[in-house]
2 protein chains.
Amino acid sequence: MTDTTPLDPRQLTAYLALKDVAALLEHAVEQQLKEDGGLTTPQFQILATLADAPDGRRRMTDLADGLVYSRSGLTYQAAQLEKAKLVTRASAEDDERSVIVTLTDAGRAVLFKVMPGHIEVVRRLFLTPLGDADIAAITDILGRVRAQMRSAPPRSAKPRRTTGSPPQRGERNNGR
Amino acid sequence: MTDTTPLDPRQLTAYLALKDVAALLEHAVEQQLKEDGGLTTPQFQILATLADAPDGRRRMTDLADGLVYSRSGLTYQAAQLEKAKLVTRASAEDDERSVIVTLTDAGRAVLFKVMPGHIEVVRRLFLTPLGDADIAAITDILGRVRAQMRSAPPRSAKPRRTTGSPPQRGERNNGR
DNA sequence: TATTGTTATACTCTATAACTATA
DNA sequence: TATAGTTATAGAGTATAACAATA
């Protein structure tokens, strides 16, 4: 049996604070990326991931894994970025099935153009009121949470649908 | 001049940890709400906000303020919820312009149905590795950040577009 | 005139399923 | 058969602008 007793008020407060801060920060960053470089958040994430990779190259599948996208979702984003000349796509030499996405000079340029503002927003909204000890504490605590999340079992072992039973009430087939 | 020097690695790590944890948590909660009650996150937020209000009633504008929605976005969500019989809408008695959204019994029922799973997810993914001291630290630190965000000036005083100049490169007119 | 809310419209993002091609 | 990726399709969410009605 799992515990479903209500959360105590302090726990709830901590959870809400996290959600609130994350949402506000995400929103501000989204604005900044759009204004400074015409980028959406997922596009920025892809470009930033590529910039981190050797030669600015990455296989589609590897990108998708790191960014939690479905493959079709990534295909969509990659197509947008290719259309904007920020990346190129080419099939891999060693495995014809794979597609290698490569950051173009223009893509790097956009990233450079956008970074200062990105940093400025993070600093102004998030870092300003934090001292070194706070930074260390956040990193430690959230690091533990992250580890927990990565190791926690999914909620249901499998979509387990008893043979022949119809979809459950309130269920739709459009998950993430 | 604002500071746009790169973030030091520890600051960056803290920021990324926050983003990561928030994203994973949001994703898990989204799944749970859909599975247990057929609710989307914004719908749940609206229902929960209403449940907190006296008599389960709230003006559209007040709802929008608390939830960062544009008015049209809230109209859309309210229409969805009304269609599902989870809320009703009626114009206010004292001010004919205002619309009062009210939680129905069915809406309350869905909320009750969904809450245990919601709590379970938060507890399992977020609270498990945290002691009382951690909870207190998070609340304190993120509380300060939140206050900072709420008081921080927006990035640009106004959309300032020099008279007659065309839209800038990379700019699209589909903001949030 | 200012405020409240809705409507029309357009666009982004995401997912599922079906499909192609290579290993 | 399994893996990599694309395409077609569908739907949710959101915003902007124009609009109607009330204060």
Side-chain angles (χ1 to χ4, degrees), chain A residues 23 26-27 30-31 33-35 38-46 57-84 87-102 159 161 167 170-176, chain B residues 23 26-27 30-31 33-35 38-46 58-84 87-101 159 161 167 170-176:
Chain A
E26 193 183 326
H27 192 263
E30 207 167 88
Q31 284 294 335
L33 292 176
K34 188 173 57 199
E35 283 171 24
L39 294 178
T40 62
T41 298
Q43 287 166 2
F44 173 72
Q45 288 176 318
I46 292 172
R57 311 163 128 266
R58 214 93 164 182
R59 286 184 5 169
M60 289 288 279
T61 295
D62 297 336
L63 272 176
D65 287 352
L67 298 171
V68 195
Y69 290 140
S70 63
R71 275 168 308 160
S72 74
L74 181 58
T75 294
Y76 169 77
Q77 293 297 350
Q80 301 303 109
L81 289 172
E82 190 176 43
K83 206 183 302 173
V87 306
T88 58
R89 283 185 290 181
S91 51
E93 297 170 10
D94 54 317
D95 184 341
E96 285 287 324
R97 292 172 306 179
S98 295
V99 168
I100 304 288
V101 183
T102 307
R161 175 175 298 166
E171 186 179 328
R172 295 176 206 161
N173 63 338
N174 65 323
R176 253 208 200 167
Chain B
E26 194 184 326
H27 191 263
E30 207 167 88
Q31 284 294 334
L33 292 176
K34 189 172 57 198
E35 282 171 25
L39 294 179
T40 63
T41 298
Q43 288 166 2
F44 173 70
Q45 287 176 317
I46 292 172
R58 214 96 164 181
R59 287 185 9 179
M60 289 288 279
T61 294
D62 297 336
L63 273 176
D65 286 352
L67 298 171
V68 196
Y69 290 140
S70 63
R71 274 168 307 160
S72 73
L74 181 58
T75 295
Y76 169 78
Q77 292 297 349
Q80 300 304 107
L81 289 172
E82 190 176 42
K83 207 184 300 174
V87 306
T88 58
R89 283 186 289 180
S91 51
E93 296 170 11
D94 53 318
D95 185 340
E96 285 288 323
R97 293 172 307 180
S98 295
V99 168
I100 304 288
V101 183
R161 174 175 299 167
E171 187 178 328
R172 294 175 205 163
N173 63 339
N174 63 323
R176 251 208 196 168

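These numbers come from the heavy atoms of this one structure, side chains and all, not from hydrogens, waters or symmetry mates. Numbers restart at 1 for each chain; the letters A, B, ... are given by sequence-line order, proteins then strands.
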Extract all donor-acceptor atom pairs below 3.5 Å that involve side chains of residues 70-80 of chain B and protein atoms in other chains or at least two apart in sequence.
unit_1: B:Ser70; atom_1: OG; unit_2: B:Gly73; atom_2: N; d: 3.1
unit_1: B:Thr75; atom_1: OG1; unit_2: B:Arg71; atom_2: O; d: 3.1

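Here CG of B:Leu39 is found 11.5 Å from NZ of B:Lys34. Values are rounded to the nearest 0.5 Å.
In summary, of the residues considered (A:Leu67, A:Thr40, A:Leu63), a side-chain contact (heavy atoms from CB on, under 4.5 Å) with A:Gln45 occurs for A:Leu67 alone.
By the side chain to side chain contact (heavy atoms under 4.5 Å, CB included) test, B:Ser91 pairs with B:Glu96, sequence neighbours left out. Listed by chain and number, the residues in a side chain to side chain contact (heavy atoms under 4.5 Å, CB included) with B:Ala92 are B:Asp94, B:Ser98, B:Ile100 (sequence neighbours excluded). In terms of the side chain to side chain contact (heavy atoms under 4.5 Å, CB included) criterion, residue partners of B:Ala84 (sequence neighbours excluded) are, by chain and number, B:Leu86.
As rounded to whole Å, 11 Å separates atom P of C:dC13 from atom CD of A:Gln45. One can place CG of A:Leu63 at 16 Å from C1' of D:dT6, the figure rounded to the nearest angstrom. For the pair B:Leu74 CG and C:dT3 C1', the interatomic distance rounds to 16 Å; values are reported in whole Å. One can place CD of B:Gln80 at 12 Å from C1' of D:dT14, the figure rounded to the nearest angstrom. The NZ-P distance, from A:Lys83 to C:dC11, rounds to 11 Å in whole Å. In this structure, A:Asp62 places its CG atom 9 Å from P of D:dA4, rounding to the nearest Å. In this structure, CE of B:Met60 is placed 10 Å from P of C:dT7, rounded to the nearest angstrom. In this structure, NE2 of A:His27 is placed 16 Å from P of D:dG13, rounded to the nearest angstrom.
Using a 4.0 Å heavy-atom distance criterion, A:Ser98 is classed as a sugar-phosphate-only contact. Counting any heavy atom pair closer than 4.0 Å across all strands shown, B:Gln77 reaches sugar-phosphate atoms only and no base atom.
Nearest nucleotide to the side chain of B:Thr40, out of D:dG13, D:dT6, C:dA15: D:dG13. Closest approach to the B:Ser70 side chain among D:dT6, D:dT16, D:dA4 is made by D:dT16 (side chain taken as heavy atoms from C-beta onward). With distances taken from any side-chain atom of B:Pro42 to the nucleotides D:dG13, D:dA15, C:dT14, the minimum falls on D:dG13.
Checking A:Tyr76 against B:Thr75, the closest nucleotide of DNA chain C that is more toward the 5' end is the one next to B:Thr75.
Among residue pairs with one or both ends in residues 57-67 of chain A, those qualifying as salt bridge (Lys or Arg N to Asp or Glu O under 4.0 Å) are A:Arg59-A:Asp62; sequence neighbours excluded.
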Pairs: protein N or O with nucleotides 17-23 of chain D N or O, under 3.5 Å:
unit_1: D:dA23; atom_1: OP1; unit_2: B:Glu96; atom_2: N; d: 3.0

